[in-house]
Enquirer: 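Before we start, here is the structure in question, set down as structure tokens.
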Number of protein chains: 2
Amino acid sequence: MALRHAVLAALLDGEYSGYQLAKAFDIGVANFWHALPQQLYAELARLEKEGLVAGRQVIQEGRPNKRLFRVTEAGHAELERFAADVPKPSFIRDDLLVKVQAVDGVTAGPVIGQLEERATAAEARIELLGGLLHKLRGGATEEEFLRTGDRIGPYLTCLRGLSLEADHRDWCLRTAGVLRERQRNHAER
Amino acid sequence: MALRHAVLAALLDGEYSGYQLAKAFDIGVANFWHALPQQLYAELARLEKEGLVAGRQVIQEGRPNKRLFRVTEAGHAELERFAADVPKPSFIRDDLLVKVQAVDGVTAGPVIGQLEERATAAEARIELLGGLLHKLRGGATEEEFLRTGDRIGPYLTCLRGLSLEADHRDWCLRTAGVLRERQRNHAER
DNA sequence: TTTGACATGTAAGAGGTTACATGATTCT
DNA sequence: AGAATCATGTAACCTCTTACATGTCAAA
């Protein structure tokens, strides 16, 4: 059970509904944790049953009612315990890299296309995260915000996401270039 | 079923036993896929039953016998199909980043320690991958190898791993620095 | 003589993905 | 009129992790 800590960490930003949490997992949280909406609804239900989060019903007009969740004291204690515990090694799974690993044994064309698409997607995420960072630090400079801000966790993880995406984009473009070049040389003979 | 493609891609390098494959998943393959030895033994059994890999017994003296696996024609066809298919988005899961996200709500000390340990581990992996890259390109320069080598997939994925680790190390050290600085400022008041 | 490398698995339980299910409102 | 957003789940299936199980040989 590890998703729970990602959920608790995300809920430190304030109250979220399952739906809003799912959005957060598509943007900021995506920099370090992947989860589908169904998982989040299920996890929130479990966390509530165990008293780590508390939900309250919010009646809305013109749209469905929702339940907003916040981290309880027991939830904070669990996060505290988790933070001091030995971390599991990070892990990555990337189909596209599997394809690059196999590129000597398969048709390179589609892989090149996918690398270029991925670079474009990374670029889009760079813009998105740039905007998010700007919003998070408000009027302050980054240096100032990191020294004196009172909620810097999400800022730091977004910085990680940003540099990850930039790096990823560069690698995708370089790799696509290398493979294209080899296609050209191969065709010449 | 996605692990299978990572296994097939790894087996393009030649024949491997389950044990050797597990090692490869700890080094080069770790740059894009995470899997435990038990999973690999199970997956190899499934792949063999489906005819995507073929195993042969190798009797050894002075150590246990082993089974070496290679990718069959059907396995190559499956990789080819996979390479042209739309890739799933890559995903990350990282406990340490979860802790950083939550750092405003928990004791920062242990998190700082873990960031520094992670930076050291990244450094070690950078050395490891540097050596691996050197070995893969043989006597050639990188530029030359990428232009004319006949097995560049693993090289390209190692390059990704290398830049990922370097980036990760830098972020860990910077983040640890920011958090330490805040601890100091807090203590002063 | 004990640690580490070599070598291969099984079984139970936890966790994650895919498909299904519903329905109102707002924007294009 | 159709797509996107808001809003929440269930059920079946697949995958992954953790714990267990075994045994040899080489090196420190």
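Atom set for the values below is all heavy atoms of this structure, side chains included, hydrogens, waters and symmetry mates excluded. In the text below, chain A, chain B and the rest are named by the order of the sequence lines, each starting its count at 1.
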Enquirer: Side chains of D167(B) and S163(A): do they bring a donor and an acceptor to under 3.5 Å?
Expert: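 A donor-acceptor contact under 3.5 Å links the two side chains.
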Enquirer: What is the separation between atom CG on L36(A) and atom C1' on dT17(C), rounded to the nearest whole Å?
Expert: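 Going from L36(A) (CG) to dT17(C) (C1'), I get 6 Å.
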Enquirer: Look at the side-chain N and O atoms of Y19(A) and state whether any lies under 4.0 Å from the OP1 or OP2 oxygen of dC6(D).
Expert: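 Yes, within the criterion.
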Enquirer: Q60(A) has an atom CD; how far is it from atom C1' of dC6(D), in whole Å?
Expert: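 My rounded result for the distance is 8 Å.
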Enquirer: May I ask you to evaluate whether S17(A) reaches the phosphate of dC6(D), defined as a side-chain N or O under 4.0 Å from OP1 or OP2?
Expert: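 Answer no for this pair, as no side-chain N or O of S17(A) is under 4.0 Å from OP1 or OP2.
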Enquirer: Establish, with yes or no, whether the OP1 or OP2 oxygen of dT17(C) is under 4.0 angstrom from a side-chain nitrogen or oxygen of Q39(A).
Expert: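 Checking Q39(A) against dT17(C): at least one side-chain N or O falls below 4.0 Å of OP1 or OP2.
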Enquirer: The criterion is ring pair (Phe, Tyr, Trp, His ring centres under 6.0 Å); which residues satisfy it with Y155(B), sequence neighbours excluded?
Expert: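 Result, ring pair (Phe, Tyr, Trp, His ring centres under 6.0 Å) vs Y155(B): F145(B).
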Enquirer: Would you kindly give the CZ-to-C1' distance between R67(A) and dT8(D), to the nearest whole Å?
Expert: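 Those two atoms, CZ and C1', are 11 Å apart.
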Enquirer: Would you please say whether a donor-acceptor pair under 3.5 Å links the side chains of H34(A) and R93(B)?
Expert: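 No, no side-chain donor-acceptor pair sits under 3.5 Å.
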Enquirer: Rounded to whole Å, please give me the gap between NZ in K66(A) and C1' in dT5(D).
Expert: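 Nearest whole value for this atom pair: 12 Å.
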Enquirer: Under a 3.5 Å threshold, yes or no: a donor from one side chain and an acceptor from the other, between R180(B) and N185(B)?
Expert: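 Note: R180(B) and N185(B) side chains miss the donor-acceptor criterion.
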Enquirer: Y16(A) OH to dT8(D) P: how many Å, rounded?
Expert: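 Going from OH in Y16(A) over to P in dT8(D) covers 14 Å.
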Enquirer: If you find the nucleotide of DNA chain D closest to P64(A) and the one closest to A42(A), which residue's nucleotide is nearer the 5' end?
Expert: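 The answer here is P64(A).
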Enquirer: For H34(B) and dC16(D), what is the distance between atoms NE2 and P respectively, to the nearest whole Å?
Expert: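 Whole-Å distance recorded here is 9 Å.
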Enquirer: Heavy atoms from C-beta onward define the side chain here; which of dT10(D), dA7(C), dT17(C) lies closest to that of Q38(A)?
Expert: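 Of dT10(D), dA7(C), dT17(C), dT10(D) is nearest to the side chain of Q38(A).
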Enquirer: What is the distance from CG of L40(A) to P of dG16(C), rounded to the nearest Å?
Expert: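 Result: 10 Å.
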Enquirer: Taking the nucleotide of DNA chain C with the closest heavy atom to each, which residue, R63(A) or F91(B), is nearer the 5' end?
Expert: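 The residue mapped nearer the 5' terminus is F91(B).
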Enquirer: Could you state the atom-to-atom distance from CD of E15(B) to C1' of dA7(C) in whole Å?
Expert: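 To the nearest whole Å, that distance equals 17 Å.
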Enquirer: K88(B) side chain N/O closer than 4.0 Å to the phosphate oxygens (OP1, OP2) of dT18(C)?
Expert: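 For dT18(C), OP1/OP2 do have a side-chain N/O of K88(B) under 4.0 Å.
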Enquirer: Can you check whether K23(A) has a side-chain N or O nearer than 4.0 Å to OP1 or OP2 of dA7(D)?
Expert: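 K23(A) to dA7(D) OP1/OP2: no side-chain N or O under 4.0 Å.
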Enquirer: Between E78(B) and L52(B), what is the shortest heavy-atom contact and its length?
Expert: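 So the two residues come closest at CG-CD1, 4.1 Å.
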Enquirer: With a 4.0 Å cut-off on heavy atoms, is R93(B) in touch with a base, just the backbone sugar-phosphate, or nothing at all?
Expert: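 Result for R93(B) = sugar-phosphate.
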